[in-house]
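First the proteins, then the strands, lettered A, B, ... as listed; each starts at 1.
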Amino acid sequence: MDRRSVLKIAGAVSAATATVFAMPRMAFAAYSDAIFKQKAGADALQNAYGANATTPSDQVKLKAPDIAENGAVVPVSVETDMEAESIAILITENPSPMAITADIPAGTKAMVKTRCRMGKTTQVTAVVKSGGKLYTASKEVKVTIGGCGG
Amino acid sequence: MSSIRIKAKDRKGLVDVKCLMKHNMETGLRKDKSGKKIPEHWIQDVSAESNGKTVFSAAFNTSISKDPYLSFAFAGKKGDSLKISWKDNTGATDSAETVIK
Amino acid sequence: MKKIISQVAFGLLGLSVSAAVVAGPSEDRAAFQKFYENRFPDTPVADFQNGVYSILPAAREQWEAIEEFPPYELSIERGEEIYNKTFANGMSLASCFGDDGAVREKYPHWDKDRGMVVTMELAINECLEANGEKPLKYKKGAMADVSAFMSYNSRGQILNVEIPSDDPRALAAYEMGKEQWYTKRGQLNFACADCHMHTAGMLYRADTVSPGFGHATSWPVFRAKWQEMGTLHRRFAGCHNNIRANPYKAQGEEYRNLEYFVSYMSNGLEFNGPAARK
Amino acid sequence: MNQGMKVITLGMALMSSVAFAGNGTTAEHIEAATAAYKQVAKDTGYQWTVTVKTIKAAQKALDAGDDQSARQLAHEAMALVEATRTQAKVESDNWKMRLPK
């Protein structure tokens with residue numbers, strides 16, 4: 001869960017949230033509008049991870065096609081050899097860029113594969129949270145429309 | 001029948017999980033034939049438990065494709081249980097359980 | 001396989017000189033397959049069963065990622081249920097097609113008694129109707145599901161469509177399908193062969209057109225564009241619509257004969273349906 | 001190819017509109033185009049979706065009281081029917097050119 005929203009909830013519902021606050025490490029990825037309805041990727045990251053400063057790293061391995069076969073179903077995978085706590089995928093040109101956040105507990109491989117929608121040609125960014133810092137890899141995915149198949 | 005299909009295989013101590021969840025994942029941007037917007041309806045939270053311990057969890061936006069696909073891997077072994085559940089924005093939930101092969 | 005085919009073709013040529021003048025189906029097929037082998041020398045012949053992905057490495061990677069957990073698996077499960085459902089008379093589709101329905105290689109075939117091409121989807125409906133059940137719609141839904149289940153259990157069977165020489169009507173049906181394939185239609189004035197033969201592998205706007213060799217192997221398919229399953233005849237109709245020609249009726253004579261022709265042209269490849277396509 | 005076809009279609013549209021410019025009511029012209037469309041379909045099996053659309057558009061314009069547009073669309077439909085017939089005629093032999101050598 002994102003720490004900021006935990007703080008907000010903690011402020012609003014003081015006593016009950018104390019237990020939640022006491023064990024933030026146990027928290028799981030959880031949906032929140034503050035992350036997934038954000039129009040800007042940086043704000044989404046801020047709300048998800050309490051920080052939006054990122055460092056590009058070749059240790060973050062992002063796999064996505066150069067040209068999407070179909071914008072409705074684009075396979076994307078993120079993997080890293082770093083010790084990761086969380087992985088996120090941002091699709092810059094989508095109405096709200098944050099597509100997925102995934103928590104990686106100890107013992108789970110720092111990897112996630114899924115299929116995403118992309119409305120148009122866009123930058124796709126994989127974010128890995130490791131040692132409290134955010135590392136990224138990005139690439140452009142071209143989305144074409146039209147022809148016989150699409 | 002559950003909306004979730006799971007394939008979980010032990011590959012030298014690392015369990016390779018692939019799962020497909022049947023769900024329309026409506027973005028709220030699509031219109032029906034009469035031109036009315038189809039309300040958004042999507043899976044927000046997914047979690048996976050093996051032998052009672054959470055091994056993976058994720059939150060989705062509407063930008064995850066229809067019938068979401070998720071693949072991950074965790075330390076485990078053949079014969080362990082694996083339960084995957086989701087919850088969507090209407091509060092609906094579903095889960096499926098399998099034994100790791 | 002290629003070798004066997006050419007040997008058969010040469011064998012026939014050797015028998016009579018007139019056979020070389022009046023090209024028959026097996027000469028057609030040899031020339032057809034040769035055309036694609038020359039055009040796509042990097043594609044192993046057996047790989048043409050993978051459609052456009054046999055010639056497009058970048059798209060193939062995405063396709064393989066989709067095939068890791070293909071969307072048609074849900075359709076196979078639905079199809080299995082329908083397949084094993086007991087009819088009101090106590091029978092089921094399994095009574096017609098066996099326990100696993102692995103009969104893909106028998107279709108399409110020439111039915112001499114009725115003087116027509118019988119496809120698998122047609123046979124499914126005939127089984128339903130013979131047992132007092134309602135027939136299914138041909139293009140999608142339950143029919144595509146049943147077809148997906150049967151095709152899945154038939155994977156690996158080899159296309160071996162026959163045009164019996166003792167029935168001139170079979171040859172006529174084949175010729176009708178062949179003419180369909182090579183004839184321009186619609187306001188856009190395209191023949192199947194214009195796109196899928198002479199410009200196969202080229203871009204039409206943003207899409208690479210698939211080679212016609214292998215067109216009949218992978219059905220039914222889950223198309224990303226449809227976001228659901230569809231049968232071969234649904235795709236035929238879609239192509240005709242694209243070129244602004246009125247489509248024919250699914251499982252009507254025109255499309256059955258076209259299926260007869262394209263399947264015969266792909267003889268030697270494997271049935272590998274159902275599949276995921278763009 | 002597409003462009004070429006358009007030119008042919010346009011040329012025919014001009015010719016046929018000259019041919020029956022003055023005579024008959026617009027409704028009759030729409031009827032004539034519909035009949036011709038059906039006849040070609042029956043004779044040759046060739047049918048263009050765009051012709052059906054144009055006939056429908058003509059009828060719609062007529063119903064809306066726009067006689068001039070309706071008449072023009074009816075003539076366009078007739079030209080499309082003629083082009084379809086030409087295609088069928090040419091193709092009855094030309095398809096053999098596309099056989100692989």
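A salt bridge does not link B/K78 to B/D80: none of the charged side-chain nitrogens sits closer than 4.0 Å to a carboxylate oxygen. Ion pair B/D10/B/K77 not flagged as a salt bridge, since none of the NZ, NE, NH1 or NH2 atoms sits closer than 4.0 Å to an Asp/Glu carboxylate oxygen. Under a 4.0 Å N-O distance rule, the pair B/E26/B/R30 qualifies as a salt bridge.
Interface residue B/L20: only side-chain heavy atoms are found under 4.5 Å from chain A. Interface remark: A/A99 contributes backbone and side-chain atoms alike to the contact with chain B (heavy atom separation under 4.5 Å). Residue contact with chain A, scored on non-hydrogen atoms closer than 4.5 Å, is absent for B/K87. Contact of A/P95 with chain B is made through the side chain alone, with heavy-atom distances under 4.5 Å. Using a 4.5 Å cut-off between heavy atoms, A/A106 touches chain B through its backbone atoms (N, CA, C, O) alone. In this structure, chain A has a heavy atom under 4.5 Å from the side chain of B/L14, while its backbone stays farther away.
Side-chain contact of A/N47 with A/S32: a donor-acceptor pair under 3.5 Å is absent, judged by distance alone.
Of all the listed residues (B/K66, B/Q44, B/K53, B/M25), the one sharing the greatest number of non-hydrogen pairs under 4.5 Å with chain A is B/Q44. When B/A73, B/A58, B/S71, B/A75 are compared by the number of non-hydrogen pairs under 4.5 Å with chain A, B/S71 comes out ahead. Between chain A and the residues B/F74, B/Y69, B/F60, the largest count of heavy-atom pairs under 4.5 Å involves B/Y69.
Within 6.0 Å of atom NZ in A/K37, more than 12 heavy atoms from other residues, nucleotides or ligands are found, so the atom counts as buried in its surroundings. In this structure, A/K63 places its NZ atom where only 12 or fewer heavy-atom neighbours from other residues, nucleotides or ligands lie under 6.0 Å away.
Taking 4.5 Å as the limit, some side-chain heavy atom of A/V128 sits within range of a side-chain heavy atom of A/M82.
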